[in-house]
Structures are given as C-alpha cells and as structure tokens.
Amino acid sequence: YPKCPAVHNELINRMKLSGTANAALSKLMQAMLCDDREAQLGFPTDTFPPEKGIYLSCLKAKGWHTPGLNPSFAGAWIECENIENLPLTERDVFELWRAGYNFIKKRGDLVTLKELYEYWMSPPFGLTLGLCKLYGMALLKSLESNLAFYDFDSTKDWIYIPELDEELVTKLIRYPAEAGVRFYELAETDMLLVHQIAEASESANQESILATARTLVRKMHALPSWVKRTSGKNLFQLGGEEHLDQLTKRFRDKVLAAKDPFKLVLEDIPSVFSDSQDLTQSLREAMRGLIEIDAVLSNQFKATLQQLLDDEPGESLSTRCDAVTRTASRPEIENFAKRVKLWSDNPTQSALDALISLVVGVRKESWTDERISVGYDKIRELCIQFKRYETFTRASNKGDSSTRPVSLIFENTEGQAVELEQFISEGKVESSHLAETRSAIESQLQSCSGAERVRVLVELLAKEMKPVGSEAL
C-alpha cells in the first residue's frame with residue numbers, strides 16, 4: 001500500500017471502531033455537516049473531547065478543512081495541478097482525495113459510499129474503514145456543489161434528496177451501501193434554461209443545476225402533506241373553480257418524483273411548460289399556487305367560522321365559548337367550544353390548524369381531500385349547534401319556573417341563519433282544545449312527505465316566535 005496516508009490517531013485509524021470512537025465520529029461528522037464554515041468546526045477551545053482530537057489530527061493537520069475557502073473542505077486542492085505546491089503533510093491525503101474525486105466523476109452513474117470505501121481500502125491506498133468514513137464525508141463536502149445525493153429508502157429504491165443531511169450522514173457511518181452520489185457537470189448550452197428555472201425558484205446559485213434542483217425539491221417537500229396529495233379540486237363548492245390547475249399538479253408530481261436533477265431541470269420541467277410563452281413566469285405562478293393553497297384552505301375555514309358565529313377572535317368570542325362549554329351536554333360540542341376558545345385567545349396559524357384538525361378528524365399530516373371536505377361540512381354543523389346551545393341558554397335564563405323555552409334555528413332562502421325563541425306555559429293538564437287542534441294538524445299533514453311536514457311546521461312556528469334578543473315575547 002504505497003499510497004496509504006500516514007494518520008496518527010489510534011482511535012479512528014482502525015478497521016473496527018470502539019463505542020467511544022463511533023460516538024466521537026458521529027459528533028465530528030455532524031459538525032462537518034453543520035459547522036463547516038467555523039474555525040475548528042466550532043469546537044470549544046477550552047475542552048478536548050475525543051471528536052476534537054480526531055479533527056485536529058485527521059482533518060486539520062492533513063489540510064482537509066479550509067473554512068475560509070470555497071469549498072470549505074479541500075478548498076486548496078480543487079485548483080491544484082502540481083502536488084509539489086502543497087505542504088508535505090498534505091500530499092498523501094491529497095492523492096487520496098484526487099483518487100476519490102476521479103472515482104466518482106468518471107463513473108458517470110450512481111456510486112455508493114460502500115463502493116468508495118472498498119476502493120480506498122484496496123491497493124494502493126489500504127485505508128482503514130474508520131478513516132474511509134471520515135474522509136468519505138470530507139470528500140462529499142468538497143464536491144457538494146457537483147454532487148446529487150441519493151438514499152436507498154424503505155421502498156427499496158434510490159430516492160433523490162436535495163442536500164446532504166443528518167439521515168444520510170448516519171448512513172455514511174452505519175449503512176454505506178444505502179447512501180449514493182452522482183457527479184454532474186453542466187454544459188454551457190444548458191445555462192439559459194437553468195437561469196430561467198433558477199430565477200423562478202429563487203435559487204441562491206443560478207449557475208448551478210444542482211443548486212436549482214435542490215431548491216425546487218426542497219420547496220416541494222416542505223409543502224404540507226395534504227398539498228402533495230391533493231387533486232386540486234374545489235373542496236368547498238361543488239363545481240367551483242379548482243384550487244390547482246393541471247399544469248401545476250404535473251409540475252408538483254414531477255418534482256416530488258425526481259430521481260435525477262439533470263433530467264428534472266433540463267427535461268421534465270421544460271416538458272411540463274412546453275406550451276408556455278414565458279417559462280419563468282409560468283413556473284413562478286405554479287409554485288405560488290402550491291405554496292398558497294394551504295393558506296386558502298385555512299382562510300376558508302376561518303371565514304366560515306367567523307361568518308356562522310358572527311364574531312371574530314377576542315374576548316367576546318372567548319366568553320361565548322366558555323358559556324357553551326359549561327352548558328353543552330354533548331362532548332363533541334364541548335370540545336369544539338374549547339378548541340375555538342384556544343384559537344380565539346391566541347389566533348395563530350397553529351391554533352387554527354389544531355381547530356381544523358379537530359373537525360377533519362386527523363392530524364394535519366394525515367389530511368386528505370375527502371377528510372377536508374367532510375371537515376368543512378362538520379364545522380358548519382358544529383357552528384349551528386354552538387349557536388343552538390347559546391340560544392337555548394339565553395332563553396332558559398329569561399324564563400321562570402312556569403314556562404319552558406323553545407328555540408328554533410334554520411337557514412332561510414338566502415342562506416342566512418335565522419334564530420328565533422319563545423316560551424310556552426308549563427301546564428300540568430292538557431286542555432281538550434289543544435288535543436283536538438294537534439290531531440287536526442297531524443291529520444292534515446299525513447298526506448305530506450317528511451320534508452314537507454317539517455317545512456310547514458317551521459313556517460308556522462316562525463310566525464309565532466320572535467328573533468333572539470327581542471324583549472317583546
């Protein structure tokens with residue numbers, strides 16, 4: 001093994017790591033992931049944990065970590081053409097880095113970290129497994145702008161992930177056969193297309209196809225779970241305008257299913273918007289529609305709640321909720337009033353989501369189109385029940401021991417909720433006149449359907465009752 005680098009650290013430079021070494025390696029690689037721009041990876045200067053010792057002897061002393069350069073690892077080696085220009089202490093590791101770089105680049109296809117480790121452990125390098133893991137992470141950080149990362153997940157398929165993350169770092173250590181990378185370089189002829197898509201996606205680096213793909217994938221995966229699954233149909237009005245058009249749904253599905261960033265940016269997205277005169281504008285509108293649909297849903301639920309309860313978050317609504325909570329005989333209404341009060345006291349998005357989740361019946365992560373539609377009908381029903389309890393409570397408070405309150409709530413032809421109330425005498429003995437009148441009405445209604453009977457009775461009752469709050473009862 002003539003090219004095996006000389007690394008003086010017995011904790012990490014071995015084939016089988018101890019529990020202490022594995023813990024230290026894990027902490028060090030997390031620091032490499034998150035604090036690569038910090039001097040000494042942000043390790044404290046006044047303490048000396050094992051991971052810091054590995055860093056000093058295996059990374060810093062060998063020239064790997066370059067926090068002031070770009071990239072933050074191997075930044076001094078990227079443009080190096082003559083190894084003689086490097087310090088003697090860096091040359092053996094530089095050759096290891098260059099060999100790993102060429103191994104990934106020349107493959108032209110996905111390379112697993114296990115394959116890289118096996119390559120480094122073979123002649124002429126003969127690297128130990130412990131150093132393979134550490135230097136494998138350093139190599140990936142040095143080539144991050146040109147690498148696409150893949151995770152072999154539970155579906156037994158390679159899934160493209162937008163960036164090197166904690167889960168993949170864990171796989172570098174424990175399951176290197178399930179972590180893969182692919183090297184990409186962009187042809188000059190594709191730059192205009194990349195710039196258009198990067199501008200629409202607000203990618204920080206408009207010169208990199210990988211950065212553009214990462215931005216798109218990251219934004220799509222950050223969408224609420226239900227938005228990733230929704231059919232885009234109007235969930236609140238049958239036949240109403242769709243929340244998402246076909247173009248937007250096709251774009252969403254392409255990005256979520258992406259496995260190849262080059263294909264996503266150079267083929268899939270242009271094919272989705274092939275009929276568009278302005279790719280940047282069309283893509284921007286599609287992304288805006290996906291990002292805003294969750295707010296559209298929340299606002300619809302909120303507007304319906306405020307309209308039916310005829311109130312806004314604040315002291316008044318909270319007081320009403322307390323009253324309903326005390327008098328409600330059904331747990332469903334009681335829980336609804338309590339949740340509305342939480343939102344009324346603190347009208348944040350999270351409180352509103354919790355209220356919507358109550359009526360939808362599942363946590364937000366499990367929302368579906370069908371559950372949302374059912375939940376929307378449910379919140380309307382619960383609001384009516386809420387007001388029914390309020391009306392009945394008010395009527396009961398107005399009455400005395402010789403009367404019973406009667407409340408009526410219905411929706412008129414204009415879609416407005418009508419609330420009426422009245423009192424009836426608590427007679428101990430029913431007069432024969434009342435019995436005869438009831439029998440006559442029942443006889444007349446026999447020929448009507450159930451819905452017709454209810455309509456007639458509601459209309460008759462409404463004529464004999466007064467609006468809620470009226471003093472002339």
Side-chain angles (χ1 to χ4, degrees), residues 200-202 215-257 269 272-273 276 278-314 317 336 339-384 386 411 415-417:
S201 64
E202 299 179 350
T215 299
L216 286 171
V217 173
R218 191 184 303 115
K219 287 188 174 183
M220 290 302 102
H221 280 280
L223 293 171
S225 298
W226 78 270
V227 177
K228 300 176 191 177
R229 300 187 294 262
T230 182
S231 66
K233 294 181 179 179
N234 195 309
L235 303 178
F236 311 114
Q237 181 182 352
L238 187 64
E241 182 180 354
E242 293 192 347
H243 297 311
L244 298 177
D245 58 32
Q246 292 297 322
L247 207 62
T248 300
K249 288 186 289 185
R250 283 182 58 206
F251 161 71
R252 175 200 62 189
D253 295 342
K254 287 288 188 183
V255 177
L256 290 176
I269 293 178
V272 170
F273 298 101
S276 172
D278 188 336
L279 173 60
T280 300
Q281 183 62 23
S282 297
L283 179 54
R284 186 180 287 121
E285 290 175 357
M287 294 186 68
R288 185 185 303 120
L290 288 164
I291 292 170
E292 292 179 353
I293 187 175
D294 191 55
V296 169
L297 177 138
S298 296
N299 289 337
Q300 181 68 36
F301 270 88
K302 181 170 68 173
T304 299
L305 181 71
Q306 293 182 170
Q307 177 187 6
L308 292 178
L309 296 184
D310 193 24
D311 212 341
E312 296 182 351
L317 181 56
F336 176 67
R339 197 62 64 90
V340 173
K341 183 180 187 304
L342 289 175
W343 170 69
S344 178
D345 291 342
N346 183 29
T348 61
Q349 185 60 48
S350 60
L352 181 59
D353 284 346
L355 174 57
I356 296 173
S357 292
L358 176 70
V359 297
V360 170
V362 292
R363 297 192 307 173
K364 189 169 184 177
E365 293 77 12
S366 302
W367 290 3
T368 62
D369 285 2
E370 182 179 0
R371 284 186 175 276
I372 291 170
S373 292
V374 171
Y376 185 66
D377 292 336
K378 188 70 176 178
I379 201 171
R380 295 174 64 86
E381 175 191 335
L382 289 172
C383 284
I384 293 174
F386 182 101
E411 195 174 82
Q416 299 172 330

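Note: hydrogens, waters and symmetry copies are ignored here, and every other heavy atom, side chains too, is used.
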Could you check whether any side-chain heavy atom of [X] comes within less than 4.5 Å of a side-chain heavy atom of [Y], counting everything from C-beta outward?
X	Y	value
Ile269	Leu216	yes
Trp367	Ser225	no
Ile379	Phe336	yes
Arg252	Leu256	yes

- Pair Leu305-Phe386, side-chain contact (heavy atoms from CB on, under 4.5 Å): steps then yes or no: CA-CA 11 Å; Leu305 181 71; Phe386 182 101; over 6 Å; no
- Item | All salt bridge (Lys or Arg N to Asp or Glu O under 4.0 Å) counterparts of Asp345, not counting sequence neighbours |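 Testing Asp345 for salt bridge (Lys or Arg N to Asp or Glu O under 4.0 Å), a comparison that skips the adjacent residues, returns Lys341.
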With sequence neighbours excluded, what pairs up with [X] under the side-chain hydrogen bond (donor to acceptor under 3.5 Å, both in side chains) test?
X	value
Ser298	Gln349
Thr348	Ser350
Lys249	none

- Message: Within the supplied structure, the quantity of interest is the number of heavy atoms (other residues, nucleotides, ligands) at a distance under 6.0 Å from Gln306 CD; does it exceed 12?
- Response: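 Count over threshold, so yes.
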- Any chance CZ of Arg229 has more than 12 other-residue heavy atoms, nucleotides or ligands included, within less than 6.0 Å?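 More than 12 within 6.0 Å, yes.
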Please enumerate all residues that pass side chain to side chain contact (heavy atoms under 4.5 Å, CB included) together with [X], with sequence neighbours excluded.
X	value
Asp377	none
Ser231	Lys233, Asp369
Arg339	Leu342, Ala354, Leu355, Leu358
Lys219	Glu202, Thr215, Met287

Side-chain donor-acceptor pairs of residues 235-242 under 3.5 Å, sequence neighbours excluded:
none

Minimal non-hydrogen separation, [X] against [Y], with atom names:
X	Y	answer
Pro313	Pro347	CB-CB, 3.9 Å
Val272	Lys254	CG2-CG, 3.8 Å
Val227	Leu223	CG1-CD1, 4.1 Å

- Sequence neighbours left out, what passes ring-ring contact (aromatic ring centres under 6.0 Å, His included) with Phe273? Give chain and number order.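 Testing Phe273 for ring-ring contact (aromatic ring centres under 6.0 Å, His included), a comparison that skips the adjacent residues, returns Phe251.
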- Would you check if the side chain of Ser357 reaches a backbone N or O of Asp353 as a donor-acceptor pair within less than 3.5 Å?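 Flag set: sc Ser357 to bb Asp353 pair under 3.5 Å.
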- Just by modelled atom types, is the His221 backbone N or O under 3.5 Å from a matching donor or acceptor in the Lys228 side chain?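 Yes, because the side chain of Lys228 sits within donor-acceptor range (under 3.5 Å) of the backbone of His221.
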- Write out all pairs satisfying salt bridge (Lys or Arg N to Asp or Glu O under 4.0 Å) with one or both partners inside residues 280-295, taking only residues at least two apart or from two chains.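 Listed once each, the pairs are Glu199-Arg284, Asp294-Lys364.
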- Task: Please list all pairs passing the salt bridge (Lys or Arg N to Asp or Glu O under 4.0 Å) test where one or both residues lie in residues 301-311, with sequence neighbours left out.
- Result: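 Qualifying pairs, neighbours excluded: Asp311-Arg320.
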Say you draw a straight line from [atom1] of [X] to [atom2] of [Y]; how long is it, rounded to the nearest 0.5 Å?
X	Y	atom1	atom2	answer
Arg380	Phe301	CZ	CZ	11.0 Å
Ile356	Lys378	CD1	NZ	16.0 Å
Gln281	Ser276	CD	OG	8.5 Å
Asn299	Leu297	CG	CG	9.0 Å

